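The structure appears right after this line, and notes come after that.
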Amino acid sequence: MPARGNWSPDRRDMIWIDCNPQAGREMKDVHPLLVLSPKAFNERTGIVIGLPMTTAAFNEKNPFALKLTGPKKVASYILVHQPKSFDWRVRDAKPHPWKQIPEDVFAAACETLNRIIDIGG
């Protein structure tokens, strides 16, 4: 199934995605997601792999939440310990106004995730 219009998510993009349905302690409702998977994968599979984001302040002390201060000084947290895969078309993903995560923040998120799951070790 082709993407709506010409848009599809790409690595480092910040997108809106509906996390419902959820179970247990998983995130619910619509949240930003930092996209880890490349555009070619996302287009071909209809799946996006990423890290959910939240503005919940209690994450300030979470060692697996990477703080990102966006425009207007809004603090957001990338939940590096909760990698997700979603069908981005069915979940009506949309570009986030922040567009892309800075390269250094993306690299830090990937490093933190790698320390948790040790890919390539």
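Excluded from the calculations below are hydrogen atoms, water molecules and symmetry mates; all remaining heavy atoms, backbone and side chain alike, are included. The shown structure was predicted, so the numbers you read here are calculated from the model rather than taken from an experiment.
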Closest non-hydrogen contact found for Ala65 with Asn59 is CB-O, 3.7 Å
For Ala93 and Trp7, the nearest pair of non-hydrogen atoms, with its separation, is O-CZ3, 3.5 Å
Quick note, ring-ring contact (aromatic ring centres under 6.0 Å, His included) partners involving residues 11-33, not counting sequence neighbours, are Trp16-His96
Contacts satisfying ring-ring contact (aromatic ring centres under 6.0 Å, His included) that involve residues 58-78 (not counting sequence neighbours) are Phe64-His81
Answer whether the closest heavy-atom distance between the side chains of [X] and [Y] falls below 4.5 Å.
X     : Y      : result
Leu79 : Thr54  : yes
Val74 : Trp98  : yes
Ile15 : Pro95  : no
Ile49 : Phe41  : yes
Leu34 : Met14  : no
Arg11 : Phe106 : yes
Leu68 : Pro102 : yes
Met53 : Ile101 : yes

Residues in side chain to side chain donor-acceptor pair (under 3.5 Å) with [X], at least two apart?
X      : result
Gln22  : none
Lys67  : Glu60
Asp104 : none

TODO: Could you walk me through whether Glu111 and Asn114 pass side-chain contact (heavy atoms from CB on, under 4.5 Å), step by step?
DONE: CA-CA 5 Å; Glu111 276 180 38; Asn114 192 45; 5.7 Å; no
Just verifying a value: how many Å separate [X] [atom1] and [Y] [atom2], rounded to the nearest 0.5 Å?
X     : Y     : atom1 : atom2 : value
Ile47 : Asn42 : CD1   : CG    : 9.0 Å
Lys99 : Asp10 : NZ    : CG    : 14.0 Å
Lys84 : Leu36 : NZ    : CG    : 12.5 Å
Lys39 : Asp13 : NZ    : CG    : 8.0 Å

Fill in: Sidechain N-carboxylate O distance under 4.0 Å for Lys94, Asp92
yes
Those residues at least two apart in sequence (or on a different chain) that pass side chain to side chain contact (heavy atoms under 4.5 Å, CB included) with Pro83 are Leu51, Leu113
query = Taking a hydrophobic cluster as the set of Ile, Leu, Val, Met, Phe, Trp and Tyr residues connected by side-chain heavy atoms closer than 4.5 Å, whether directly or through intermediates, do Ile17 and Met27 fall within one such cluster?
reply = no
> For the side chain of Asn20 and the backbone of Asp29, is there at least one donor-acceptor N/O pair under 3.5 Å apart?
Replying inline: yes
